[in-house]
Every structure is written in C-alpha cells, then in structure tokens.
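The structure appears right after this line, and notes come after that.
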Amino acid sequence: QFEDTKELQSFEYQLRPLCLNTRKGESFSVDYLRVAEGLRQDFNIFGDVIIPKGTYWWNAWRASFSTFNGRVFSFNTSFRGGEFFEGTSFSNNTNFLWRATKNFTLNLRYEKNIVDLPQGSFDTDLIGARVEYGINPQAFGSLLTQWNNAAEEININFRLQIIPKIGTDFYFIINQIIDTKNNKLVSERSTILAKLIWRFVV
C-alpha cells in the first residue's frame, strides 16, 4: 500500500510451497512470507518498547492446520515465526469449536505472541470464548468474553438479535469492560445499546 507520499506503508508477499487437503476436510499448509512495514513515526508496540520510524523488511514462515468445521468438534491452529522488524517473533493462534446441538455452539480461542526486539522483549496472551445460541429461527443470542495481558482487561459482550418479521431486525447489546490490573477485578465501562432496523420499499 502507498499513501499520497508514494512511500511504502505495508507489503506482504506469500508463497505456499506445501498445501495438503484430505477428502474428509482436513487441511495443512506451509507459507513463506516476505513482509515490509513503513513507519512514519516511532511506533509504541508494547509497554515502553518503541520501534523507530523507518522502512523495515523481513522474512517469516507460517504453518496452518485445520479440521472440517462441519463436525461436532473441530479446531484450527497456525504457527508463525521468523524475523520481525529488527528482531524475531513467534506466534500461535488456536481455535476450538464445539457444535453441541444445531442451536448451540461454543468457540474457544487462544493467541500467544513472543517478540524479541533490540528495544526490548515481551509476550502477549489473549484468551477468549464465544457462546452462540439460536432460540428459534427469529431469535439469536451470543456471549463473547476475552482477556488479554496487553490491556489487562476483560471484555464481555452480549448480543441479542430478534427478527419480528422479514425486513425488520432488533438488536440489544451489552458491553462491559473489567480492569484486571493489580490482580483485582474493577468494572470500568458499561455500554447498553438497542437498535431497530425497519426496511420498506417505496
């Protein structure tokens, strides 16, 4: 991508030398990545770790595996590592899906990043869970909860969608942010939102 200055903003080239797919829906792939980032100003990536402005190029790799998501239990995972700016990084992103019934699903997610830079090193963790339930064909509910050590907070989001009739949608949303700093749970922000969408043809 290039801004009006014609300077490089971001670039990623992907080469996939290996990709396997089974008849049952499993897949495995390995990718080589050539990445570039153009920083217009110093970038505070984590805590007090700051990457100086400039244009950076690096090489990385990624390996991914997934099972057929139409099963009762399925999962996908990916690993990425190699160079990162002027240092190195390693990350893993894993998702588990349980289709308990045709109306109820549970999704668990875990993401880990390990970064080592000349300016400093850090680890990040993100843990999340999403529950989805179809009350009936006209009503759906979901509850998302996730925590990450970078912001040190828990985000809880509840969403209810009701379709009274075709062309009409009603949404009720509750969002709660809980601070987990100093090993304490402190409610920070609460948001309640209701929205009605009514479509008509003139």
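All of these numbers come straight from a predicted model, not from anything done at the bench. Scope of the values below: all heavy atoms of this structure, side chains included, with no hydrogens, waters or symmetry mates.
- A donor atom on one side chain and an acceptor atom on the other are found under 3.5 Å apart for Ser187 and Gln176.
- Between Arg199 and Asp169 there is a salt bridge, since at least one side-chain N of the basic residue sits less than 4.0 Å from a carboxylate O of the acidic one.
- In the model, Thr77 has a side-chain atom that pairs as donor or acceptor with a side-chain atom of Thr94 under 3.5 Å.
- At a cut-off of 3.5 Å, with distance as the only test, no side-chain donor of Thr191 or Asn175 sits close to an acceptor on the other residue.
- Annotation: the span from Phe104 atom CZ to Trp98 atom CH2 amounts to 6.0 Å, rounded to 0.5 Å.
- The hydrophobic cluster containing Tyr133 does not contain Ile173, counting ILVMFWY residues as joined when their side-chain heavy atoms lie under 4.5 angstrom apart, directly or transitively.
- Listed here is the closest heavy atom pair of Arg99 and Asn69: NE-O, 2.8 Å.
- Remark: the backbone N or O of Phe75 is paired with a side-chain donor or acceptor of Thr67 at under 3.5 angstrom.
- Aromatic ring orientation, Tyr56 versus Phe85: perpendicular (interplanar angle above 60°, classes split at 30° and 60°).
- The pair Arg71-Glu26 counts as a salt bridge, with a side-chain nitrogen and a carboxylate oxygen less than 4.0 angstrom apart.
- Heavy-atom neighbours of Asp48 CG from other residues, nucleotides or ligands within 6.0 Å: at or below the threshold of 12.
- Expressed to the nearest 0.5 Å, how far CG of Asn107 lies from OG of Ser142 amounts to 11.5 Å.
- A perpendicular orientation is assigned to the rings of Phe158 and Phe172, their planes being inclined by more than 60° (bins at 30° and 60°).
- For the side chain to side chain donor-acceptor pair (under 3.5 Å) with Trp147, the qualifying choice from Asp125, Thr180, Asn155 is Thr180, the only one to do so.
- Cation-pi check for Lys195 over Tyr171 is met; the charged atom lies under 6.0 angstrom from the ring centroid and within 45 degrees of its normal.
- In this structure, a donor-acceptor pair under 3.5 Å is absent between the side chains of Gln146 and Asn148.
- Donor-acceptor pairing under 3.5 Å is recorded for the side chains of Ser66 and Ser27.
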